[in-house]
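Encoded as structure tokens, the structure appears first; notes follow it.
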Amino acid sequence: MKTIDVCLSPELIHLYDVSDKAVVVVDILRATSCMVTAFAHGVECIVPIASERECEQMKLKGYVISGERNGQKIPGFDKGNSPFEYMDENISGLKIAFTTTNGTQAIEKSKGAKKILIGSFLNLSAVSKYLLMSDDNILIVCAGWKGKVNLEDSLFAGALVDTLRKHIEPDCDAPIIAQELYLRAKDDMLNFLSTSSHVKRLNRLNIHKDIEFCLTQDKYGVIPVLNRGELTLL
Ligand code: 3SL
């Protein structure tokens with residue numbers, strides 16, 4: 001049977017051998033939800049970049065530069081990190097360079113994996129179906145916040161474990177913890193997350209509607225996958 005594991009923070013990734021695994025990187029609020037939304041609206045590719053400076057330099061190569069630090073759009077960048085910025089008709093065909101506080105860092109740290117997929121509640125079923133068909137062992141890498149664990153990424157991990165549970169073997173207890181958490185939260189995730197650190201942080205920045213949107217399940221059927229440093233559609 002295939003195995004599944006959950007890395008609750010990118011700081012723990014050294015504990016896992018990713019070389020034979022399909023890694024699903026998740027940053028529910030909001031990086032991977034933005035990426036999935038952007039692909040659902042026709043972007044050509046997204047280059048995830050850890051460093052703000054390197055991302056900025058991509059402007060000279062014709063990329064739209066997008067990103068945030070601490071939840072706020074980086075001054076001088078074209079776009080920030082709200083999924084609502086990646087829905088209009090002008091998105092189609094764009095090449096985007098993207099840097100975020102945690103999400104793109106988690107992708108960077110996952111390099112070396114057999115495959116890297118981008119997960120969110122928005123494309124949960126699509127990712128789950130793909131993983132069911134594939135023979136690869138699975139590792140869900142939660143982006144967390146600056147190395148610390150967060151609730152929303154752990155809930156996504158639990159949701160994915162829950163959809164795959166009959167077909168996979170947990171490799172340690174993190175998938176069981178995540179699944180239990182998800183089962184407690186699933187009927188009202190918005191309420192469950194109301195006291196979570198990042199929801200409070202976003203609320204302080206007056207970012208409210210993104211939270212509810214990013215918790216919507218199965219709005220899109222796209223799966224972004226990393227190929228030679230660039231996310232494209234699977
Ligand atoms: O850390 C990240 O990658 C972001 O998604 C955080 S924020 O939601 O834009 O604050």
Side-chain angles (χ1 to χ4, degrees), residues 7-13 23-40 43 46-56 58 64-87 91 96-111 116-124 127 140-157 189-190 192-216 219-220 224 226 229 231:
C7 176
L8 290 168
S9 155
E11 293 299 316
L12 299 174
I13 202 161
V23 164
V24 181
V25 177
V26 56
D27 185 343
I28 294 298
L29 299 173
R30 297 165 291 167
T32 60
S33 300
C34 273
M35 290 169 184
V36 168
T37 302
F39 277 104
V43 297
I46 296 177
V47 180
I49 299 174
S51 129
E52 192 177 320
R53 210 177 137 82
E54 272 173 46
C55 191
E56 195 171 12
M58 296 292 278
V64 168
I65 53 172
S66 294
E68 60 66 45
R69 282 297 177 270
N70 299 312
Q72 291 180 293
K73 180 176 171 236
I74 299 171
F77 274 40
D78 301 308
K79 287 179 181 293
N81 192 31
S82 167
F84 292 97
E85 294 177 80
Y86 298 90
M87 289 178 186
I91 281 291
I96 297 177
F98 211 140
T99 185
T100 68
T101 310
N102 304 285
T104 59
Q105 320 295 326
I107 295 172
E108 183 64 32
K109 289 204 161 107
S110 301
K111 285 182 177 167
I116 297 180
L117 313 172
I118 299 300
S120 67
F121 283 112
L122 299 167
N123 66 344
L124 174 65
V127 171
I140 305 163
V141 174
C142 300
W145 182 262
K146 299 187 180 177
K148 296 179 181 168
V149 172
N150 76 21
L151 208 43
E152 63 276 11
D153 298 342
S154 308
L155 282 185
F156 170 84
M189 285 201 292
L190 195 57
F192 192 85
L193 287 171
S194 61
T195 54
S196 71
S197 54
H198 198 44
V199 163
K200 287 201 281 191
R201 194 176 291 115
L202 290 175
N203 278 330
R204 279 196 297 273
L205 294 170
N206 280 321
I207 298 166
H208 308 295
K209 63 177 183 169
D210 293 19
I211 301 167
E212 194 164 359
F213 180 79
C214 293
L215 298 178
T216 312
K219 189 168 177 63
Y220 305 125
L226 195 73
L231 291 169

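In this chain, numbering begins with 1 at the start of the sequence shown. In listed order, ligands and their atoms are each counted from 1. Side chains are part of it too, since the values below use all heavy atoms of this structure and drop only hydrogens, waters and symmetry mates.
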Which ligand 1 atoms are under 4.0 Å away from a heavy-atom of [X]?
X	result
T101	1 (O), 2 (C), 3 (O)
G103	1 (O), 2 (C), 3 (O)
A31	3 (O), 5 (O)

**Message:** I need the contact type for N81 against ligand 1. Using non-hydrogen atoms and a strict under-4.0 Å cut-off, is it side chain, backbone, both or neither?
**Reply:**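 Just the side chain.
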
**Item:** Part of N102 with heavy atoms under 4.0 Å of ligand 1, whether side chain, backbone, both or neither
**Value:** both

**Message:** Quick test of your reading of the model: are K209 and E212 salt-bridged, counting only N-O distances below 4.0 Å?
**Reply:** no

With a 4.5 Å heavy-atom cut-off, do [X] and [Y] have their side chains touching?
X	Y	answer
E152	S196	yes
L8	S154	yes
W145	T101	yes

Identify, for [atom], the protein heavy atom at the shortest distance, and state residue, atom and that distance.
atom	value
atom 7 (S) of ligand 1	H198 NE2, 3.4 Å
atom 5 (O) of ligand 1	R30 N, 2.7 Å
atom 6 (C) of ligand 1	E68 OE2, 3.6 Å
atom 2 (C) of ligand 1	D27 OD2, 3.0 Å

**Message:** Under 3.5 Å, is there a donor on one side chain and an acceptor on the other for K146 and N70?
**Reply:** yes

**Prompt:** Does a donor on one side chain and an acceptor on the other come within less than 3.5 Å for S120 and R30?
**Reply:** no

**Prompt:** Who are the side chain to side chain donor-acceptor pair (under 3.5 Å) partners of S66, not counting sequence neighbours?
**Reply:**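 With neighbours one apart ignored, the set is Y86.
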
**Prompt:** Would one find an N or O of L202, backbone or side chain, under 3.5 Å from an N or O of ligand 1?
**Reply:** no

